[in-house]
Amino acid sequence: MADDKHLLLIDGNSVAFRAFFALHSQINTFVNHNGLHTNAIYAFNTMLDIVLKTFEPSHVLVAFDAGKTTFRTAKFDDYKGQRDKTPSELSEQLPRLRDLLAAYGICSYELVNYEADDIIGTLAQEAAAKGFTVDIVTGDRDLTQLATAAVTVNVTVKGVNQLEAYTPAHVAEKLELTPQQIIDMKGLAGDTSDNYPGVTKVGEKTAIKLLKQFDSVEGIYENLDQLKPSKMKEHLIEDREQAFLSKDLATIRQDAPLTIGLADLVYQGRDVAALRDFYTEMDFNSFLNKLADPATEKARAAIEFQSLTAADVPAILASFTGPVTFYLEMLATNYHTAPFAGFVIGQKGQWYVSTDVDLLKLPAFAKFLADPQQAKLVFDVKRTYVGLDRLGLTLAGTSFDLLLVSYLLNPNDSGNDLGKIAQLHQYREVATDEEVYGKGAKRALPEDLQVLFQHLAQKAQAIEQLQPQLDQQLEENEQDGLFTEMELPLAIVLAQMEIAGIRVDPARLNTLRKNFAERIATLTKKIYAEADEEFNINSSKQLGEILFEKMNLPVIKKTKTGYSTAVGVLEQLKSVAPIASDVLDYRGLTKLQSTYVDGLLKVIHPDDGKIHTTYLQTLTATGRLSSIDPNLQNIPVRDEDGRQIRQAFVPREAGWQIFAADYSQIELRVLAHISHDKNLQAAFSEGADIHASTAMRIFGLASAAEVTPNMRRQAKAVNFGIVYGISDYGLSQNLGITRKQAQAYIDSYFHEYPNVKQYMEDIVTAAKKYGYVETLFHRRRYLPDIHSKNFNLRSFAERTAMNTPIQGSAADIIKVAMLNMQKALQAHELQATMLLQVHDELIFEAPAAEIATLEQLVPQVMDAAVKLEVPMKVGYGSGPTWYDVKKG
DNA sequence: GGCGTCACG
DNA sequence: ACGTACGTGACGCCG
């Protein structure tokens, strides 16, 4: 039974703002037939449904800001002075939000001269005094100052559909302050987003420390004499007035002269007719559907399907005209070995299903699948291609892949469940696999075959229905070429590489295993002796206790859960404690043993003695591939012990060789290209050692001869930093220098490479303006956090804006190279086979007699993949095993 | 299932 | 002032 004294107060502006950016990536999808943007309204509505259901309030109010001028701007001119203007796509939605609320039977309210916060503060106070339970919903942490025993402040996290509940206890846990003291903290630390100053050089941390000692701003100033002389004390004295002003500005009023009272806020419930009109105007079909039949909100209309029989196959296939949807179901993730569950084929809402995949081998069906002229719509073409290949069948003619297209439209939505992806595109008539098959150990085919068939038919229908709008979005984004000419054909190339697999010699791995095992045993004994007891060295917890409690070694770094025992820490302990050095050696060897020796032996396919990885083509946010089960993109190379693992990677035939080629400095070349920086371009055009060249410039040297190895090392770190979206802190950590020194390097770098600096600034500006960044080939990545008030989130987004076009364009380039490479191998009728891709490197196997050809062909194809303003450089080499490939 | 650690580009 | 370098996957431990 719902409480009859439960008040829900919503901070309209801040939640609308969060709602807007939560669906910012879909801003082009959420436009109604009148051209009005609707993303914020849509997300706000979703939030509203959730909070009404969660809190079951008896009274509700949504408070809005009345305008820019308030009593706060009267006290302080520049209050919120640095705020970006509200985007017009959002401000056009705000009036319509009031219409939505009216239809929901919810009161909207604003008050001249006051902010929404003050309305909320005043009503929360009044209601609590009258014995109400109060829940506040806001996107703004500042409101947590209102938390009391009766008042909970729920702050939106990750979009608007999740709330973090701030009770006084939760505030204490997070900040070690009472809600009241949040105001004092703001007084001292100021607030950049509201643009008031606080005390110079005092931030949250310092403020909290002071408040724990003196309780309040007033307390601090009454006890100033207790503070030892310091810069901070001087600042406190100097900025006294500002501190009290800032505290005043931060204080949410609880006595605003409201013209409404609690009695006006009784929640009446929705006016279904009004809502229907509103949703119709907004083109919110999914909400309309829910209105139509709220009781069966989750129930999906059953889709018709027919069981396919061998006798029907030829006639049914012959009856199709135009694109046909095909979907092959395998439940397990690893499709190289997964059992087949069934398939569905059809078009225009007519679906044919079967669990008998042998039907696919009928001549008519095999021909149909292999016909490049017969357009097919699928979900995950690579998976489908590999599955069919296992049945001895070929797939061609794919024109649409829901998974790939959805990924290109937004690579942040990296899931691979058809149902979930369909939902992202506002299509809800298909269940998720988890709903139908369950998850984890319980994942299994449904007992009732009809349930499976229904699910397959729903999937096929979803693919068919979503194809037109998604293809249209690709075109709007200028991504149709990226899909048709790059990702779609690449999926086939990747499938062929996975199917080819790479041969691994178990005998070599077993030899390594013995060698490693002996050395691990010796080290284990030695470590036990040094610790004077036996313990699990693999347990960071136990190791930490031994090193830092029993042996009393200095604690260098802590993690969330205890002492850090990471490489950097142990390296520093080496000089004082030999055990640290032994633990490092032990770690190195056990890593190799478990992940690589044992790990790889486990995944050698018993039939062909090869390892077949799976590339994830739709996972990374930048456009790179990833490799799983096993990961063949992180086979050790840097240290000799690990590198020997590569001796087990051998060609499939005696007398063949492994051949590999890699792009040299592709990311810096991409940067030189997109920034048009003449100095960086010159270094590449002259064929210089790029790190030495950077060293010369940032250290102001006259000749390459003056570059010491240490200078080159530091310059190399700067170059890496530049590509990652540089920060003085990151660089200082990496080089073990001060932030100041790191900043000096960065300044010097930007002085020498002015257009790189310009690029970094421009790309962040562009990300803010458009909400996304792009690669050379129009791959997109949305960066919603670029607008965040949270420094960390925003900084992360800014670095991502700088890095993604670089890393992503490099990924595009090698993808083009792979497409052209596969064609070239065919055209030259070579037996050579492309096996692996490791981000900037391609690995092949080939008869020894073809190596000379590859040495010409591979670099030439990789070089020609793209024409940049700087030359490409490709290194290559070959040998009897992967280990023996030394590139030059 | 989250965390710490460490392998790769 | 804040506290991280960008992108990944697999392993063992621990609750």
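In what follows, chains are A, B, ... by sequence order, proteins preceding strands, each numbered from 1.
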Q: How many Å lie between CG on A:Leu600 and C1' on C:dC11, as a whole number?
A: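 Rounding to the nearest Å, CG of A:Leu600 and C1' of C:dC11 are 13 Å apart.
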
Q: What is the separation between atom CG on A:Asn790 and atom P on C:dG3, rounded to the nearest whole Å?
A: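 After rounding, the gap between these two atoms is 10 Å.
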
Q: Looking only at heavy atoms, what is the nearest atom pair of A:Leu403 and A:Gly415, with distance?
A: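 Result for this residue pair: CD1-O, 3.9 Å.
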
Q: Does OP1 or OP2 of B:dG4 have a side-chain N or O of A:Ser564 closer than 4.0 Å?
A: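 No, no such contact exists.
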
Q: Only Watson-Crick and G-U wobble pairs with both distances less than 3.5 Å should count. Give DNA chain C in dot-bracket notation, marking inter-strand partners with |.
A: .....|||||||||.

Q: Looking only at side-chain N and O atoms, does A:Thr804 offer a donor or acceptor that is under 3.5 Å from a partner on A:Arg781?
A: yes

Q: Could you walk me through whether A:Asp142 and A:Ile182 pass the side chain to side chain contact (heavy atoms under 4.5 Å, CB included) check?
A: CA-CA 8 Å; A:Asp142 295 355; A:Ile182 288 173; 6.0 Å; no

Q: What integer number of Å spans the P atoms of B:dC3 and C:dT4?
A: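 Between the two P atoms, the distance is 14 Å.
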
Q: Would you mind reading off the distance between A:Arg141 atom CZ and C:dC2 atom P, rounded to a whole angstrom?
A: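 Rounded to whole Å, this separation is 17 Å.
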
Q: Verify the contact: side-chain N or O of A:Thr561 to OP1 or OP2 of B:dG4, cut-off strictly under 4.0 Å; return yes or no.
A: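 A:Thr561 to B:dG4 OP1/OP2: side-chain N or O found under 4.0 Å.
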
Q: Specify the separation, in whole Å, of atom CD of A:Gln714 and atom P of C:dA5.
A: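 After rounding, the reported distance stands at 20 Å.
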
Q: Which nucleotide in the list C:dC2, C:dC13, B:dC3 gets nearest to the side chain of A:Phe791?
A: C:dC2

Q: Quick one: CD on A:Gln807 to CG on A:Asp840, what's the gap to the nearest 0.5 Å?
A: 11.0 Å

Q: Any base atoms under 4.0 Å from A:Val723, or only sugar-phosphate, or nothing? Heavy atoms, all strands.
A: nothing

Q: Within residues 613-632 of chain A, find the residues that approach DNA chain B with a heavy atom at under 4.0 Å, and present them sorted by residue number.
A: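 Correct list: A:Arg624.
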
Q: Check whether the ring centres of A:Tyr745 and A:Tyr749 lie less than 6.0 Å apart, and answer yes or no.
A: no

Q: Pick the closest DNA chain C nucleotide for A:Thr200 and for A:Tyr724 by heavy atoms, then say which residue is nearer the 5' end.
A: A:Thr200

Q: At under 4.0 Å between heavy atoms, what does A:Ser727 touch on the DNA or RNA strands: base, sugar-phosphate, or nothing?
A: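 The residue A:Ser727 makes base contact.
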
Q: Is NZ or CZ of A:Lys886 both nearer than 6.0 Å to the six-membered ring centre of A:Tyr883 and within 45° of the ring axis?
A: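 Because its charged atom sits under 6.0 Å from the ring centre and within 45° of the axis, A:Lys886 does stack over A:Tyr883.
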
Q: Heavy-atom nearest nucleotide on DNA chain C for A:Gly203 versus A:Ser594: which residue maps closer to 5'?
A: A:Gly203

Q: Does the distance from a Lys or Arg side-chain N to an Asp or Glu carboxylate O, for A:Arg519 and A:Asp641, drop under 4.0 Å?
A: yes

Q: Between C:dA5 and B:dC6, how far is it from one P atom to the other, in whole Å?
A: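 About 15 Å, rounded to a whole number of Å.
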
Q: When the distance from CZ of A:Arg779 to P of C:dC6 is rounded to whole Å, what number comes out?
A: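 Rounding to the nearest Å, CZ of A:Arg779 and P of C:dC6 are 20 Å apart.
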
Q: Of the nucleotides B:dC6, B:dA7, B:dG9, which one has an atom closest to the side chain of A:Tyr596?
A: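 When the side chain of A:Tyr596 is considered, B:dA7 is the closest of B:dC6, B:dA7, B:dG9.
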
Q: Look at the side chain of A:Phe720 and decide which nucleotide, out of C:dG7, C:dT4, C:dA5, has an atom nearest to it.
A: C:dA5

Q: Compare the minimum distances between each of C:dA10, B:dG9, C:dC13 and the side chain of A:Lys591, then state the nucleotide with the smallest one.
A: C:dA10

Q: Looking at residues at least two apart in the chain, or sitting in another chain, which of them share a salt bridge (charged side-chain N to carboxylate O under 4.0 Å, His left out) with A:Lys231?
A: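 A:Lys231 satisfies salt bridge (charged side-chain N to carboxylate O under 4.0 Å, His left out) with A:Glu234 only.
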
Q: Under 4.0 Å between a side-chain N or O of A:Arg643 and OP1 or OP2 of B:dA7?
A: no

Q: Starting from C1' on B:dG4, measure out to CG on A:Leu570 and report it in whole angstrom.
A: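 That distance rounds to 12 Å.
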
Q: Under 4.0 Å, heavy atom to any atom of DNA chain B: which of residues 795-806 of chain A qualify?
A: none

Q: Under 4.0 Å, counting only non-hydrogen atoms across every strand here, what does A:Arg587 touch: a base, just sugar-phosphate, or nothing?
A: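 Sugar-phosphate, backbone atoms only, no base.
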
Q: Rounded to the nearest 0.5 Å, what separates atom CD1 in A:Ile502 from atom CD1 in A:Ile604?
A: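 Reported value, rounded in 0.5 Å steps: 11.5 Å.
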
Q: At less than 4.0 Å, is any side-chain N or O atom of A:Lys541 found next to OP1 or OP2 of C:dC13? Yes or no.
A: no

Q: Could you tell me whether the phosphate oxygens of C:dC14, OP1 or OP2, come under 4.0 Å of any side-chain nitrogen or oxygen in A:Gln542?
A: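 Affirmative; the distance criterion is met.
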
Q: Mind calculating the distance between CZ (A:Arg739) and P (C:dA5) to the nearest angstrom?
A: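 Those two atoms, CZ and P, are 13 Å apart.
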
Q: Taking N and O atoms by type only, does the side chain of A:Arg781 place a donor or acceptor under 3.5 Å from a partner on the base of C:dG7?
A: no

Q: Check whether the side chain of A:Gln807 and the base of C:dC6 form a donor-acceptor pair under 3.5 Å.
A: yes

Q: Quick check on C:dC14: is either OP1 or OP2 less than 4.0 Å from any side-chain nitrogen or oxygen of A:Ser539?
A: yes

Q: With sequence neighbours left out, write down each residue that passes salt bridge (charged side-chain N to carboxylate O under 4.0 Å, His left out) with A:Glu571, or none if nothing qualifies.
A: A:Lys574

Q: For residues 659-675 of chain A, which side-chain N or O atoms pair as donor and acceptor with protein atoms under 3.5 Å away, sequence neighbours left out?
A:
unit_1	atom_1	unit_2	atom_2	d
A:Tyr663	OH	A:Met862	O	2.7
A:Gln665	NE2	A:His691	NE2	3.4
A:Arg669	NE	A:Ser664	O	2.8
A:Arg669	NH1	A:Pro871	O	2.8
A:His673	ND1	A:Glu869	N	2.8
A:Ser675	OG	A:Leu671	O	2.7
A:Ser675	OG	A:Asp677	N	3.3

Q: To the nearest angstrom, how far is A:Ile537 atom CD1 from C:dC11 atom P?
A: 20 Å

Q: Just so I know, are the side chains of A:Pro630 and A:Leu632 near enough to count as touching, which here means a heavy-atom distance under 4.5 Å?
A: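 Side-chain contact under 4.5 Å: yes.
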
Q: Between B:dT5, B:dG4, B:dC8, which nucleotide gets closest to the side-chain atoms of A:Lys560?
A: B:dG4

Q: Using a heavy-atom cut-off of 4.0 Å across all strands, would you classify A:Gly725 as base, sugar-phosphate, or nothing?
A: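 Nothing, no heavy atom under 4.0 Å.
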
Q: I want to check a possible cation-pi pair here: A:Arg383 against A:Tyr335, using under 6.0 Å from ring centre and within 45° of the ring axis as the test.
A: no

Q: Classify the nucleic acid contact of A:Asn734 as base, sugar-phosphate or nothing, counting any heavy atom under 4.0 Å across all strands shown.
A: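 Since a base atom lies under 4.0 Å of A:Asn734, the category is base.
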
Q: So does A:Asn536 get a side-chain nitrogen or oxygen closer than 4.0 Å to the phosphate oxygens (OP1/OP2) of C:dG12?
A: no

Q: Would a 4.5 Å heavy-atom cut-off, applied to side chains only, mark A:Phe649 and A:Leu600 as touching?
A: yes

